[in-house]
Amino acid sequence: MIYAGIDLGANSIRLFTLEEGLLFDEPCMVAIDQKSHVLAIGKEAYEMKGMQDEQVRVISPIQDNQVDIQVLELLLEQLCFQYKIFRVFTKTTILFSYPTSLSNEACEEIKNTLIQLGAHQVFYDREIWFTALGSQLNLSLPKACCIMNVGSNNCDIALFSNSQMVRYQIGEITGQVIGVAISSWLYQQKKLLVTENTLEEIIRTGGSILQEKEALLIPVVGIDSQTKTPKNIQISENEIAILLEPLALSLANWITDFLRSLSIQEQKDVVNRGIVCAGGIMRLKGMVAYLQDKIGCPIYLMDDPIYATLHGMEIVLQQLSM
């Protein structure tokens with residue numbers, strides 16, 4: 001039996017098996033020709049964006065909380081074929097996570113697609129559930145436990161008690177929102193156009209919420225918006241901090257509103273136990289301390305916030321394999 005997990009997101013798709021570990025961790029994109037033949041998936045497809053070839057389309061199958069099931073089917077088929085997930089005389093169990101915003105109907109379509117491709121059985125649940133499991137917290141306790149996941153295209157918070165998710169909410173502050181803010185600022189203030197890869201590098205190396213006395217200078221390469229020629233500049237992480245602080249404040253206010261919607265006992269539990277967080281955005285310099293100060297509640301960052309969902313899925317697959 002093969003036990004495989006697919007962490008399905010709008011920004012990236014990850015594939016792993018219990019036997020071989022992480023096999024694929026790349027953009028959730030597929031490049032196809034006019035006859036819908038797959039030319040590339042993942043990073044290779046992403047690098048084909050903007051090609052001057054009308055016969056090539058590069059598509060993200062999950063956008064604006066909607067799924068292009070036909071394109072996703074092509075991506076999943078190529079991914080499973082490439083890594084030999086379905087084999088003769090071997091049954092395959094697949095577990096997939098999905099963004100909270102996707103509908104049950106879309107998930108059932110994805111499940112049916114995987115079964116048609118060759119899966120023996122398919123299970124799925126919300127990404128936030130697997131993130132909670134990956135936190136290693138005891139979710140079976142009667143006391144409330146709060147989990148938050150803020151990544152590239154997701155912003156989820158949920159309350160768990162007695163092995164149940166009793167409340168959850170979707171927010172608006174995501175990595176994509178932060179990237180758009182930085183891109184717009186570079187265009188308006190620096191007259192610079194940059195790629196998505198450059199934005200990700202800026203966020204990774206210089207993304208900060210708090211200003212520093214000795215601010216890091218970040219080299220940025222882009223295209224001058226006026227002359228259309230290559231341009232190199234340096235920006236300070238304090239400039240980024242000034243830009244991102246209002247977004248961090250909006251995130252703090254959203255969390256506070258969620259906590260206020262809880263019962264008095266649930267609020268007490270969260271204040272006592274804190275909020276456990278995952279997702280790349282929570283790794284921004286100063287983010288945890290900033291939110292903790294604004295909310296007045298302990299904030300804990302998981303040891304491996306980027307892959308917390310995968311760790312939770314691995315726990316479930318191990319249970320299924322027993």
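Numbers here are sequence positions counted from 1. Note that the structure is a prediction, hence the values are computed from the model and not measured.
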- Note on the structure: Value for CG (Leu249) from OG1 (Thr256), rounded to nearest 0.5 Å, stands at 9.0 Å
- Task: Would you tell me whether Tyr124 and Glu108 have side-chain atoms, one donor and one acceptor, within less than 3.5 Å of each other?
- Result: yes
- Query: Short question: side chain of Glu237, backbone of Leu216 - any donor-acceptor pair under 3.5 Å?
  - Reply: yes
- Message: Side chains of Asn232 and Pro219, heavy atoms from C-beta outward: is any pair under 4.5 Å?
- Response: no
- Query: So if you build clusters from Ile, Leu, Val, Met, Phe, Trp, Tyr with side-chain heavy-atom gaps below 4.5 Å, do Ile235 and Leu284 land together?
  - Reply: yes
- State whether the number of non-hydrogen atoms from other residues, nucleotides or ligands found under 6.0 Å of Arg273 atom CZ is greater than 12. yes
- Message: Looking at Lys43, is its backbone amide N or carbonyl O close enough to the side chain of Glu26 to form a donor-acceptor pair, meaning the two atoms are under 3.5 Å apart?
- Response: yes
- Query: Would the number of heavy atoms belonging to other residues, nucleotides or ligands and lying under 6.0 Å from CD of Gln234 be above 12?
  - Reply: yes
- Query: Is the backbone N or O of Asn149 less than 3.5 Å from a side-chain atom of Asn154, with the two atoms forming a donor-acceptor pair by type?
  - Reply: yes
- Under the ring pair (Phe, Tyr, Trp, His ring centres under 6.0 Å) test, which residues partner Phe24, sequence neighbours left out? none
- Which atom of Val288 lies closest to which atom of Met282, heavy atoms considered: CG2-O, 3.8 Å
- Query: Roughly how far apart are Leu192 CG and Gln226 CD, rounded to 0.5 Å?
  - Reply: 11.0 Å
- Message: I'd like to check Asp68 versus Gln70 (side-chain heavy atoms, cut-off strictly below 4.5 Å). Are they in contact?
- Response: yes
- Item | Residue pair Cys277 / Ile299, side-chain heavy-atom distance below 4.5 Å | yes
Please tabulate, one pair per line, all N/O donor-acceptor pairs under 3.5 Å involving side-chain atoms of residues 2-15, not counting sequence neighbours.
residue : atom : partner : partner atom : Å
Asp7    : OD1  : Ser97   : OG           : 2.6
Asn11   : ND2  : Ser152  : OG           : 3.3
Arg14   : NE   : Asp25   : OD1          : 2.9
Arg14   : NE   : Asp25   : OD2          : 3.4

- Query: Is there a path of hydrophobic side-chain contacts, each under 4.5 Å between heavy atoms of I, L, V, M, F, W or Y residues, that connects Leu301 with Trp254?
  - Reply: yes
- Do Leu75 and Val67 share a hydrophobic cluster (ILVMFWY, side-chain heavy atoms under 4.5 Å, transitive)? yes
- Under a 4.5 Å cut-off applied to non-hydrogen side-chain atoms, are Thr229 and Ile223 in contact? no
- Query: Does Ile85 offer a backbone N or O that forms a donor-acceptor pair with the side chain of Thr92 under 3.5 Å?
  - Reply: yes
- Message: Closer than 3.5 angstrom, by distance alone: can the side chain of Gln211 be matched with the main-chain N or O of Asn238 as a donor-acceptor pair?
- Response: no
- Neighbour count above 12 (heavy atom, 6.0 Å) for Gln121 CD: yes
- Message: Check this for me: does any side-chain nitrogen of one of Glu239 and Lys190 sit under 4.0 Å from a carboxylate oxygen of the other?
- Response: yes
- Message: In the structure I gave you, are the side-chain heavy atoms of Lys294 and Leu251 within less than 4.5 Å of one another anywhere?
- Response: no
- Item | Side-chain donor-acceptor contact under 3.5 Å, Thr131 with Thr309 | yes
- Task: Find out whether Val220 and Lys231 are in side-chain contact, i.e. whether some heavy atom of one side chain is under 4.5 Å from a heavy atom of the other.
- Result: no
- Message: For Gly179, is there any backbone N or O sitting under 3.5 Å from a side-chain donor or acceptor partner on Ser183?
- Response: no
- One should read off an interatomic distance between Tyr307 OH and Met302 CE, to the nearest 0.5 angstrom, of 15.5 Å
- Query: When you measure from the side chain of Ser36 to the backbone N and O of Ile32, does any donor-acceptor pair fall under 3.5 Å?
  - Reply: no
- Task: Please lay out, stage by stage, how Glu20 and Lys84 fare under the test salt bridge (Lys or Arg N to Asp or Glu O under 4.0 Å).
- Result: CA-CA 12 Å; Glu20 300 176 88; Lys84 300 179 174 61; over 6 Å; no
- Query: Going by atom types only, do Thr195 and Asn197 share a side-chain donor-acceptor pair under 3.5 Å?
  - Reply: no
- Task: Give a yes or no answer on whether the side chain of Ser103 reaches the backbone of Ala106 with a donor-acceptor pair at less than 3.5 Å.
- Result: yes
- Sequence neighbours excluded, the answer for ring pair (Phe, Tyr, Trp, His ring centres under 6.0 Å) partners of Phe130 is none
- When you measure from the side chain of Ser135 to the backbone N and O of Leu137, does any donor-acceptor pair fall under 3.5 Å? yes
- Message: To the nearest 0.5 Å, what is the distance between CD1 on Ile147 and CD1 on Ile157?
- Response: 9.5 Å
- Nearest 0.5 Å, what's the CG-SG distance between Leu262 and Cys146? 7.0 Å
- Query: Hey, is the main chain of His37 close enough, under 3.5 Å, to the side chain of Asp33 for a donor-acceptor pair?
  - Reply: yes
- Measure the spacing between CD1 of Ile209 and CD1 of Ile240 and express it to the nearest 0.5 Å. 10.0 Å
